[in-house]
Every structure is written in structure tokens, then in C-alpha cells.
2 protein chains.
Amino acid sequence: MAETMRVHTLGGEDLLFLTDEQIRRGIEAMFFAYRAFTADPDLILAGMDYGRAHHRALHFIHRDPGLTVTSLLAVLGVTKQSLNRVLRTLIEDGLVESRVGRRDRRERHLHLTAEGAALERRLSEAQRARMRQAYRAAGPQAVAGFRQVLEAMMDPDTRAQYQSMKDLPL
Amino acid sequence: MAETMRVHTLGGEDLLFLTDEQIRRGIEAMFFAYRAFTADPDLILAGMDYGRAHHRALHFIHRDPGLTVTSLLAVLGVTKQSLNRVLRTLIEDGLVESRVGRRDRRERHLHLTAEGAALERRLSEAQRARMRQAYRAAGPQAVAGFRQVLEAMMDPDTRAQYQSMKDLPL
DNA sequence: TTGGAAAGTCAACAAGACTGCCCTATCAAG
DNA sequence: CTTGATAGGGCAGTCTTGTTGACTTTCCAA
């Protein structure tokens with residue numbers, strides 16, 4: 001409340017966008033958009049025994065094949081035990097392969113099987129279709145701003161990780 | 001995969017931002033940013049008996065005091081039973097007041113008590129602080145783009161609801 | 001060689017979503 | 001005044017996904 005309607009000017013640029021009300025609008029937009037963002041893959045997963053967590057695991061294994069359980073843990077930001085349950089079902093069902101590390105045999109390196117890659121592609125394509133449509137509707141300049149704000153919102157560690165991921169082969 | 005690296009030009013404007021890889025980056029940005037977005041309120045809630053669901057209820061009751069249970073249901077997009085559990089604890093703990101409708105006595109109109117408003121403010125301020133910092137870092141043009149993309153991503157019904165909400169008194 | 005640290009697994013529990021079914025109170029229309 | 005629809009609530013049970021705690025296997029360094 002304190003800042004509501006406090007509008008300034010700085011270097012000739014108005015700061016209307018920093019009003020509490022404007023920020024609240026952004027918060028709500030984030031909530032509604034994220035719900036839509038996850039809706040399509042969730043619908044596909046609903047039939048199977050899988051959920052959103054499986055999708056996330058498939059996504060990051062696809063993006064960085066051979067990554068270890070610990071790395072995946074760090075990216076997903078969940079506990080080892082939580083990930084393990086998800087990973088176990090994916091391995092049992094033959095979607096993910098877990099290979100013992102050759103240099104360090106404590107490590108498990110994760111890869112998608114053909115079947116796993118197929119599901120990943122299906123989920124990913126559903127999600128990308130919505131994203132692509134939103135990008136197309138909003139245009140390149142809006143997309144650039146979208147990405148800027150999202151990056152600025154991340155925790156510094158996550159942001160560093162995110163930015164370094166761009167180097168990975170897709 | 002089909003569209004990877006397919007870059008076009010349309011009216012002199014490049015469509016690099018529609019590459020599958022670019023869209024994947026957007027998807028990951030969305031995931032990481034949303035995690036940060038909910039982190040601060042979650043931390044506050046962690047100590048109490050409440051969770052994210054309580055925060056959402058408080059937010060929308062604050063934004064639209066006196067709304068009915070059914071309206072709140074529609075906004076949140078959850079089932080009656082799921083909301084009911086949350087609402088019951090909030091009412092029992094004296095954060096939310098449920099008033100019988102005067103025109104239609106079947107309806108329950110929801111209001112925050114002083115205590116409820118205080119918690120809402122505390123949660124909201126934590127979330128807004130991050131948002132404000134991100135907005136400030138990215139600048140007004142980026143913020144406009146951010147909002148455009150998020151709106152384009154929503155389901156049409158949600159978008160209509162979201163856009164009409166701007167008329168509500170805060 | 002032995003002891004600590006790291007990687008991963010198993011078991012049990014909690015939050016919060018869901019469905020299905022049942023109930024009351026109220027309203028509105030025939 | 002009855003009857004059907006609507007608003008709200010409750011109970012039981014399930015599922016996903018997060019948590020903590022305790023355990024095994026493996027590695028490495030003193």
C-alpha cells in the first residue's frame with residue numbers, strides 16, 4: 001500500500017510500471033500464465049502414471065544427456081529422495097537409462113532411451129506449441145523483454161546456471 | 001526438432017526468436033523464474049501451518065473483497081473440496097471472514113480480517129520486492145513485453161478474466 | 001588400511017491436488 | 001407449494017510430489 005500511486009520520473013522515463021498495482025498485475029499474470037504453461041503437458045501425462053516431475057526430469061536429461069543424478073538434482077532444486085522416486089519409475093519403464101560412471105563408479109549417468117526421447121518430444125512439443133503461439137502473437141521485442149524480466153527474477157545462482165546452459169549442445 | 005534452425009524473415013523482421021531452441025530457452029526461463037517467484041512467500045509460510053494455496057486465497061480475497069466462494073474457485077481453478085480445506089483453516093484461524101449473502105443467502109462473501117490482511121501484506125510484499133527488483137533491472141519496455149507474452153500464453157477464458165480484473169478496486 | 005565424504009537407494013510421512021458421493025439451505029419457476 | 005437448480009460444505013479415498021531419516025556402495029586421502 002505504501003507505494004501505491006507513487007509515480008516518479010527518472011531521466012525523463014516514467015516509472016508507472018513500478019507502481020504496486022502494476023507489480024500486482026505482473027504477479028497475477030505470472031500465476032495465470034504458469035498455469036497455462038503447464039496445462040498441456042499435464043494433460044498428456046494425466047493418462048499415464050506420470051506427472052509434472054517426470055516431465056521435468058525428461059526435459060533436462062534430454063537437454064544434457066549423460067548428466068549425473070547430482071547435477072540433475074541441482075538443476076531441479078528438489079531433494080535426492082524426491083527425484084529418486086521419479087527416476088526409478090522412468091528407469092523401470094525403460095524411458096531412462098542409468099549408466100554407472102566409468103571414472104567414478106558412484107555416479108549414475110542418465111540418458112533417454114528411444115522411448116523416453118519420444119515421450120519427451122511429445123510433451124515438449126505440446127508445451128512449445130503454446131509458447132510459440134505466444135511468442136508469435138507478442139513479437140520479438142516483447143519476447144526479449146519477457147526473457148529479461150524472467151532472468152532478473154531468478155535467484156543469482158539459478159541465473160548463472162541458466163545462462164551457462166546455453167552453451168550445452170541441444 | 002523439425003523446426004530447429006529454421007529461421008525466416010517476414011517483412012524484414014527476423015524470426016530467430018521462434019527457433020525451437022529459443023523457445024526451449026523461454027520454457028526453462030519460465031520454470032526457473034516461477035520457482036524464484038514463489039520462493040519468498042513459501043519461506044514465510046513454511047513456519048506456519050499454511051502453504052501456497054493459502055497465499056493464493058488471501059491474495060484474491062484481498063484483491064476483490066466480498067467475492068463469493070464460487071468466484072474464488074473460478075479464479076484459482078481448483079476444486080471446491082481443495083479450496084474448502086484451505087478456506088476452513090483460514091476462517092478458523094480468524095484470517096478470513098465468511099459473511100452470508102444478503103441478497104442471496106446461499107452465498108458466502110469472503111473478507112480478510114485485520115490479521116488476514118496483515119499476513120497477506122507480508123506475503124505480498126515479499127513477492128513484490130522480488131518483482132519490483134526484476135522490473136527495475138529490466139526496465140519499462142521489457143516489462144511491457146513480459147506482460148504481453150504472459151497474456152498471450154494464457155487460456156482465452158483466463159485471459160478475459162485477467163483483463164477484466166483490472167477494473168476492480170485494489 | 002581405515003575412516004570420512006560423496007553418490008545413490010529405501011521407507012515413512014505430509015501437503016495439496018483430485019474424484020465420487022452425500023448433505024443442507026436457498027432460490028426461482030411452474 | 002412443490003420441484004429442480006444452485007451455493008456451499010463434508011467425508012472418504014487416491015495420487016503426485018515434496019519432505020526427513022537411515023542405509024549401502026564407492027571413492028579417496030591420511
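Because only heavy atoms are used, hydrogens play no part in the values below, and waters and symmetry mates are left out as well, while side chains stay in. Every chain is numbered from 1, with letters handed out A, B, ... down the list of sequences.
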Q | Residues which pass salt bridge (charged side-chain N to carboxylate O under 4.0 Å, His left out) with Arg25(B), listed by chain and number, not counting sequence neighbours | A | none
**Q.** chain B footprint on DNA chain C, 5' to 3' - any atom under 4.0 Å from a heavy atom
**A.** dG16(C) to dC27(C)
**Q.** salt bridge (charged side-chain N to carboxylate O under 4.0 Å, His left out) against Arg106(A), all qualifying residues, sequence neighbours excluded
**A.** Asp104(A)
Q. What pairs with Ser71(B) under side-chain contact (heavy atoms from CB on, under 4.5 Å), at least two apart in sequence or on another chain?
A. Leu67(B), Thr68(B)
Q) Under the salt bridge (charged side-chain N to carboxylate O under 4.0 Å, His left out) test, which residues partner Arg105(A), sequence neighbours left out? A) none
**Q.** By ring-ring contact (aromatic ring centres under 6.0 Å, His included) - contacts of Tyr34(B) (at least two apart)
**A.** Tyr34(A), Phe37(B)
Q. What residues form a side-chain hydrogen bond (donor to acceptor under 3.5 Å, both in side chains) with Glu97(B), not counting sequence neighbours?
A. Arg99(B)
Q) Where along residues 101-109 of chain A does a heavy atom come under 4.0 Å from DNA chain D, residue by residue in number order? A) Asp104(A), Arg105(A), Arg106(A)
Q.
Less than 4.0 angstrom from a charged side-chain N to a carboxylate O is my criterion; do Arg56(A) and Glu120(A) meet it?
A. no
Sequence neighbours excluded and cut-off under 3.5 Å, please list the side-chain donor-acceptor pairs for residues 77-88 of chain B, or say none.
unit_1: Thr79(B); atom_1: OG1; unit_2: Ser82(B); atom_2: N; d: 3.4

Q) Which of residues 49-60 of chain A have a heavy atom under 4.0 Å from DNA chain D? A) Asp49(A), Gly51(A), Arg52(A), Ala53(A), His54(A), Arg56(A)
Q) Roughly how bent is the helix from dT1(C)-dA30(D) to dG30(C)-dC1(D) end to end, in steps of 10 degrees, with each end axis from five pairs? A) 10°
Q.
Among residues 83-93 of chain B, which ones have heavy-atom contacts with DNA chain D below 4.0 Å?
A. Asn84(B), Arg88(B)
